[in-house]
Amino acid sequence: MTKVCITGGAGFIAYHLAKNLTLDGYKVVGFDSYNDYYDPTLKEARSNKLYKEHNVHIAGVDLCDSVALSAYLKLTKPDIVVHLGAYAGVRHSLVDPDSYIQNNIIGTHNLIQAMKENDIRHCLYASTSCVMAGNELPWKEDEKCGYQLNPYGYSKFTNEAQMMSAPELDT
């Protein structure tokens with residue numbers, strides 16, 4: 001059985017992905033920093049529901065903690081990582097850009113390194129439409145990214161470059 005690890009596992013999108021993957025026969029694990037950008041009680045409620053209804057455990061692991069992250073991947077041994085974990089929100093990124101650099105850019109770097117250390121080669125990365133700012137619609141998957149107008153956009157643009165520059169990963 002294929003095991004999938006979801007970063008940002010207590011988030012709204014991750015909750016629905018985890019639920020559907022388990023219904024499709026995958027083994028799912030995940031982790032989340034449970035930070036307070038979104039209401040932690042909502043995240044805890046989603047995690048509890050995933051565990052009770054689908055036997056999916058969402059651990060408290062932060063992408064910024066490279067040691068704990070590597071240890072978690074070593075313990076859980078996923079076949080695939082779905083990277084949804086990130087600080088989101090354009091407006092907040094203008095007020096607190098350091099959080100976006102630390103969580104999105106450094107956190108993604110830590111994830112890539114932990115995957116290498118644990119010989120995990122498959123990663124599905126979720127980006128954002130912000131990376132296409134200024135491009136004409138409809139966007140095409142192979143066109144160049146737009147001009148980044150905020151720290152959230154450039155952190156996710158940087159994440160795309162990080163994933164593309166990790167040839168040992170199938171992203």
Side-chain angles (χ1 to χ4, degrees), residues 1-66 68-93 99-100 102-132 139 141 152-153 155-156 159-160 162-164 166 169-171:
M1 176 183 301
T2 301
K3 185 186 280 188
V4 179
C5 175
I6 303 173
T7 72
F12 178 79
I13 294 171
Y15 167 81
H16 290 283
L17 177 62
K19 181 175 81 168
N20 287 309
L21 285 172
T22 59
L23 294 173
D24 287 343
Y26 292 88
K27 172 69 179 158
V28 178
V29 296
F31 63 89
D32 199 290
S33 68
Y34 292 96
N35 65 58
D36 63 0
Y37 182 78
Y38 293 113
D39 184 355
T41 60
L42 290 175
K43 293 179 183 184
E44 290 166 11
R46 282 192 286 264
S47 293
N48 290 336
K49 189 171 182 175
L50 277 174
Y51 184 72
K52 288 176 186 171
E53 295 179 6
H54 302 282
N55 198 32
V56 174
H57 181 258
I58 306 299
V61 177
D62 192 327
L63 286 166
C64 295
D65 184 343
S66 60
L69 177 56
S70 187
Y72 178 78
L73 292 180
K74 183 176 184 175
L75 175 71
T76 58
K77 297 178 176 57
D79 301 295
I80 301 166
V81 172
V82 178
H83 185 27
L84 301 178
Y87 255 52
V90 170
R91 287 187 184 111
H92 187 256
S93 76
S99 291
Y100 291 78
Q102 188 64 34
N103 289 282
N104 297 358
I105 296 173
I106 302 300
T108 296
H109 168 77
N110 291 344
L111 178 64
I112 292 168
Q113 293 307 117
M115 289 178 67
K116 287 180 190 178
E117 290 168 14
N118 290 285
D119 198 31
I120 302 165
R121 296 192 39 81
H122 303 288
C123 185
L124 177 65
Y125 167 69
S127 190
T128 178
S129 62
C130 284
V131 302
M132 301 305 283
W139 298 322
E141 194 171 311
Y152 174 62
S155 73
K156 298 298 276 183
N159 291 161
E160 289 191 16
Q162 288 172 294
M163 289 294 175
M164 295 301 295
L169 300 181
D170 296 324
T171 57

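Numbers for residues simply follow the sequence, beginning at 1. These figures come from a predicted structure and were not determined experimentally.
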Could you grab the distance from atom [atom1] of [X] to atom [atom2] of [Y], nearest 0.5 Å is fine?
X	Y	atom1	atom2	result
Tyr15	Leu50	OH	CG	5.5 Å
Phe31	Asp62	CZ	CG	9.0 Å
Thr22	Leu17	OG1	CG	9.5 Å
Cys64	Leu111	SG	CG	11.5 Å
Asp119	Leu73	CG	CG	12.0 Å
Tyr38	Lys43	OH	NZ	8.5 Å

Any side-chain heavy atom of [X] sitting closer than 4.5 Å to one from [Y]?
X	Y	answer
Cys5	Tyr72	yes
Asn55	Lys27	yes
Tyr34	Ile58	yes

Any donor and acceptor pair, going by atom type alone, linking the side chain of Asn118 with main-chain N or O of Ile120 inside 3.5 Å?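 No: the side chain of Asn118 does not pair with the backbone of Ile120.
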Look only at the side chain of Lys156 and the backbone of Asn104, and say whether a donor-acceptor pair between them is shorter than 3.5 Å.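 Looks like no, no N/O pair under 3.5 Å.
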Over 12 foreign heavy atoms within 6.0 Å of [atom1], [X]:
X	atom1	answer
Ile13	CD1	no
Lys116	NZ	yes
Tyr26	OH	no

Pairs meeting criterion salt bridge (charged side-chain N to carboxylate O under 4.0 Å, His left out) with involvement of residues 3-17, two or more places apart: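 Found none.
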Just grab all the salt bridge (charged side-chain N to carboxylate O under 4.0 Å, His left out) pairs involving residues 76-92, residues at least two apart or on different chains.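 Sorted result for residues 76-92: empty, none.
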Determine the minimum heavy-atom distance between Ala10 and Asp32, stating which atoms define it.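 The pair with the smallest heavy-atom distance is N-OD2, 3.0 Å.
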Check Ala114 against Ser70 and note the closest heavy-atom contact, atom names and distance.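 Minimum heavy-atom contact is CB-CA, 3.8 Å.
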Without hydrogens or angle criteria, can the side chains of [X] and [Y] be said to hold a donor-acceptor pair below 3.5 Å?
X	Y	answer
Asn110	Gln113	no
Asn159	Ser127	no
His92	Tyr152	no

Do you know which of Arg46, Lys52, Glu53 makes side-chain contact (heavy atoms from CB on, under 4.5 Å) with Lys49?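 Result: among Arg46, Lys52, Glu53, Glu53 is the only option passing the side-chain contact (heavy atoms from CB on, under 4.5 Å) with Lys49.
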What verdict does the side chain to side chain contact (heavy atoms under 4.5 Å, CB included) test give for Lys19 and Val28, after you've listed the backbone C-alpha separation in whole Å, the side-chain angles of each residue and the deciding distance to 0.1 Å? CA-CA 9 Å; Lys19 181 175 81 168; Val28 178; over 6 Å; no
Show me, pair by pair, the donor-acceptor contacts under 3.5 angstrom made by side chains of residues 81-90, not counting sequence neighbours?
from, atom 1, to, atom 2, distance (Å)
His83, ND1, Thr7, OG1, 2.8
His83, NE2, Thr108, OG1, 2.9

